[in-house]
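Here is the structure we will look at, set down as structure tokens.
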Amino acid sequence: MLAPMRAVRGKNEIIAAEDLPEFQTKLLGWFAKAKRDLDWRHTRDAYRVWISEIMLQQTRVAAVLPYYRRFLARFPATDALARARPDAVLRSWAGLGYYSRARNLHRAAKEIVARHGGEFPRRIEDALALPGIGQYTAAAVLSIAYGEPHAVVDGNVARVLARLGAVRGDLRQPKRWRALAASAKALLPAQAAPVAYAGDWNQAMMELGATLCTPRAPQCAACPVARWCRAHALGIALRLPAPRRKPKPVRLTLSAAVLLDPRGRTLLIQQKSRHSGLFSNLWQFPAIESARPAPEKLGRYLRSAFGINAALEPLRTARHTVTFRRILLAPFLVRAAKLPRIGLSTKGMVRTPRLSEIERLPISSATRKIAAAALAALS
Ligand code: SF4
């Protein structure tokens, strides 16, 4: 039997204190039986939990699984990750997107080795001081790995809480989000409970949101906590939470140059991204942003940045979407007698691999699409 949390009566209370023990027992009992069998649920190793939590940000479980396995095979522990070359880390991440996550993981691993003896810190302030660790990730890792009593609030948990309490309005408004965080904390089983409960509890809340209390089709008939759910009682579950105002899609064109020398080598650069975070320090073709395909502007850029003056042959275009950006990739083949030398240029790092071999480098899926258009034209 779980030890009930002391009742906190007030505006953030979602479940009445006297109902809380039964509510907790029902949800944990359901989770024990219904939880999906996922790799990271077989471990309480903080490193592995941390990797899974970072990968799962903005990414579906099915997409994460193969990356998670490969990443851990390559970097089985914090010290292995800390010792790795940045290129190797990014290569293991290539295709998963949001590359700042990989760079932050790498930096955080180094800090964990340098400052915490290679062990993910237990104190939330120390965890929050690491690169790429916010409130959600810190609470998730500390509760799952160490049983520390921190409640997580992600999109799934926020939706469950909003429906349980029939909370109206935009959940992402800071004041409302803080109130949800307070509600989540009030539901957490008491600290005196066995060490695993905080982690199990958080995972149970997230699992309920991911599998039953889904945005468009809440399965209230199968829900273990339906009898406490105000939205269900009011028949408004489908209307909650209120839809978020999405940013308007931004349309842009990326004109990219696939340089090619007589030996089949191309030129890739690595630099602080000029292109709205599209490449995030991955290897990329020289490119410029514009409203539509802009070969003249691209030609001027090639001349000024690399001293290359050659004809631009249009290649097949491709579509690419990153969050709210709708990007038209407009690649051009540029045959050059000679490529700039390997090394550091004023525009960042420069590399000249064979076009057919750029897959070996950390590249984004946009770069992959551009290369595919060039290879298709050359074959
Ligand atoms: Fe979600 Fe329905 Fe369960 Fe309420 S009863 S928590 S709306 S699944």
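Atoms within each ligand, like the ligands themselves, are counted from 1 in listed order. Hydrogens, waters and symmetry mates play no part in the numbers below; they use all other heavy atoms, side chains included.
Applying the ring-ring contact (aromatic ring centres under 6.0 Å, His included) criterion to F31, with sequence neighbours excluded, gives no partner residue. Residues satisfying the ring-ring contact (aromatic ring centres under 6.0 Å, His included) test with W30, not counting sequence neighbours, are none. In terms of the ring-ring contact (aromatic ring centres under 6.0 Å, His included) criterion, Y67 has no residue partners (sequence neighbours excluded).
Distances under 2.8 Å from atom 4 (Fe) of ligand 1 pick out the protein N/O/S atoms C229 SG.
Heavy-atom neighbours of K26 NZ from other residues, nucleotides or ligands within 6.0 Å: at or below the threshold of 12.
Checked by atom type, the side-chain pair T266/R351 shows no donor-acceptor distance below 3.5 Å.
There is no path of hydrophobic side-chain contacts, each under 4.5 Å, that joins V113 to L130.
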